[in-house]
Amino acid sequence: MRISITARLALLAVLLSLVTSLALAGLIWQQTHDDAIEVLRRDTGEQSDALAAIYRSGGVTALAQAISDAQEDDDSLVAALVDGKGVRRLGVGPDKLAFPPAAESFRIARIGAAGDWAREEAGVAIRPLGRDWLVSGRLLDDWERAQRTIERALLLAVLLSLVLGICAGLVLTRYVARRLDRIAGAVDAVAAGDLARRVGTEGGGGDAFDRLSLRIDGMLDRIDRLMGELRVVTDSIAHDLRSPIARLRARAEAAATADEPRQREAALAGLIAETDLVMRMLAVLLEISRSEAVTRDALVPLDPAALMEEIADLYAPMVEEAGLRFTVALPPAPVAPVGLHRELLSQALANLIDNALRHAGEGGAIALSLEAGQGEVRFSVADRGPGIAAADRAQALSRFGRLDRARSLPGAGLGLALVESVARLHGGRLELADNTPGLAATIVIPR
C-alpha cells in the first residue's frame, strides 16, 4: 500500500522528534550516570582516607568508634575491617566478602557472599591496614533510586516529545496539504480553461511554497500572454491577410483577362509585389515563433560593442544612400561579454533600423548607441521622424499593430513585436521613448 506524501511528512516529523528526544534523553542519562559514579568514587576515596587516618592514629578501637558514629547518620554506609579471607572483624558490612580482598581504589559489586548483603550492590574502596583490609563505601540504594527518578523523568520527556511530534506532524501535513491543494486548484482551473486563475502567495512569506507559487504564476502569465497573442495573431492574420489575398486574386484575374501585354505585365508585377508582402508577413511570424522557442541555453558570451559595429558597418551605406545622417556612439571603455543570441539580436536591431529608415523622413538622422550600465546593456536606435505617441506605443508593440499614419506604407506591423520577443528571450525588455523629435527604441538586456 502506497503512503501519501502528506502521511510521509507526518511520519517523518514524528520520527525526527522521537529520534531527537531519544538522543537527548540518552545523552542526559549518560551524563548524569557518569557524574553520579564520579561523585560516589570521590566520596568513597575520601571516606577510605579518613578511616585509614583514624586507624593509624588510634588503632582498632578508634576505628570501631568512628564507624559506629558514622553509621548513626548514614544507613547506606559500608565500613568494615576484614581479615585476609574476607571475614569481617568489625564494622558495618557482610560477614564475609563475596570476593578475596585486594587493594582497589574503587569497585562496584555485590560484596556479600550470603544473606541480605548478597543482594546489595555497593561502591567500595579496599586498602590494606596491617594484616587486615579496610573495606569502605556506600550501598547503591540511594544512587539507584536517584537514577530511577531521572530515568522516569526522561521517559516522560520522550513520551511528551512523541506526542508533540505527532501534533507537529499533523500541523505540518495540514499546512503542506493546504498549500499543495491551493496550487493544484489553480492548475486544475487553468486546465479547465480559466486562464485568469493564479496561485498567489500568503502574506509575502517568501518560503519555498511562495517561490513555487510565483514561478507557477509566472508560467501561467506567460501561457495567458501567449494564448492572447495567439488569438490576436489568428484574428490579425485572418483580417490582415484578407486584403493582400483579395488583391492577389484581383491581380491574377487582371493578368488572366488582360488583352494588352503591357496591362498583363503590370498585373503580374503587382501580383509579385503582393506575394512578396504575404511572404514577408509569414517570414516575420516564423521569426517571432523561433525567438519564443529558443531557450536561454542558446545564448553565448559576445562583445556587445563588436556586434554593434558589425550592424553599423552593414547599414551605414544604406542609410547614407537614403540621404540620412548616420551616427554610432559606443562606450569609450571595453564592454565585458554578455550572453547574447547573435542572429536574433542582429535581426531585431535590423528591424529597428528599417523602421527608422521608413519613418525618419528625408534629411533626417539615425543614431545607433550602446550604453553599458551597472547591471544592463542598452542597444538604442533613434531617429528624427514623427515618433510614436505614448498612448499608441502598446498598439505599436502588438502583433499586426499598425498606426493610422503607417497604413499607407508597406509592412505588416510585426517588426516591433519581433524586437520585443527577442528582448524577452534575453531576459530584457524593449523601451520606446521620445527622441524630441522622433523615436528612440532601446533593447535593454541585463548582464
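What you are looking at is a predicted structure, and each value in this text was computed from that prediction instead of being measured.
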After noting the C-alpha distance and the side-chain angles of Arg198 and Asp224, does the key distance pass the salt bridge (charged side-chain N to carboxylate O under 4.0 Å, His left out) rule?
CA-CA 11 Å; Arg198 295 295 182 269; Asp224 190 20; 3.7 Å; yes

Could you check whether any side-chain N or O of [X] sits under 3.5 Å from a backbone N or O of [Y], counting only pairs where one atom can act as donor and the other as acceptor?
X	Y	value
Ser48	Thr44	no
Arg325	Val319	no
His426	His341	yes
Asp434	Thr436	no
Ser68	Ala64	no

Distance in Å, [X] [atom1] paired with [Y] [atom2], rounded so as to fall on 0.5 Å steps:
X	Y	atom1	atom2	result
Ile183	Leu212	CD1	CG	4.0 Å
Leu134	Leu129	CG	CG	5.0 Å
Ile353	Arg358	CD1	CZ	12.5 Å
Leu345	Leu299	CG	CG	10.0 Å
Leu349	Phe379	CG	CZ	6.5 Å
Ile67	Gln47	CD1	CD	8.5 Å

Taking 4.0 angstrom as the limit, do Arg378 and Glu431 come out as a salt bridge?
yes

Salt bridge (charged side-chain N to carboxylate O under 4.0 Å, His left out) contacts in which one or both residues fall within residues 77-93, not counting sequence neighbours
Arg88-Asp95, Arg89-Asp132

Using the salt bridge (charged side-chain N to carboxylate O under 4.0 Å, His left out) rule, collect all pairs that involve residues 180-193, keeping only residues at least two apart or in two chains.
Arg182-Glu202

Taking only distance into account, with no hydrogens and no angle test, what donor-acceptor pairs under 3.5 Å do side-chain atoms of residues 438-447 form with protein atoms, sequence neighbours excluded?
residue : atom : partner : partner atom : Å
Thr442  : OG1  : Ser380  : OG           : 2.9
Arg447  : NE   : Gly373  : O            : 3.3

Residue list, salt bridge (Lys or Arg N to Asp or Glu O under 4.0 Å) with Asp217, at least two apart or on another chain
none

Sort and list the pairs that fulfil side-chain hydrogen bond (donor to acceptor under 3.5 Å, both in side chains) and have at least one residue in residues 307-316, not counting sequence neighbours.
Glu310-Arg342

Please list, one pair per line, the donor and acceptor atoms closer than 3.5 Å that link side chains of residues 99-112 to other protein atoms, with sequence neighbours excluded.
residue : atom : partner : partner atom : Å
Glu104  : OE2  : Arg107  : NH1          : 2.8
Arg110  : NH1  : Arg119  : O            : 2.8

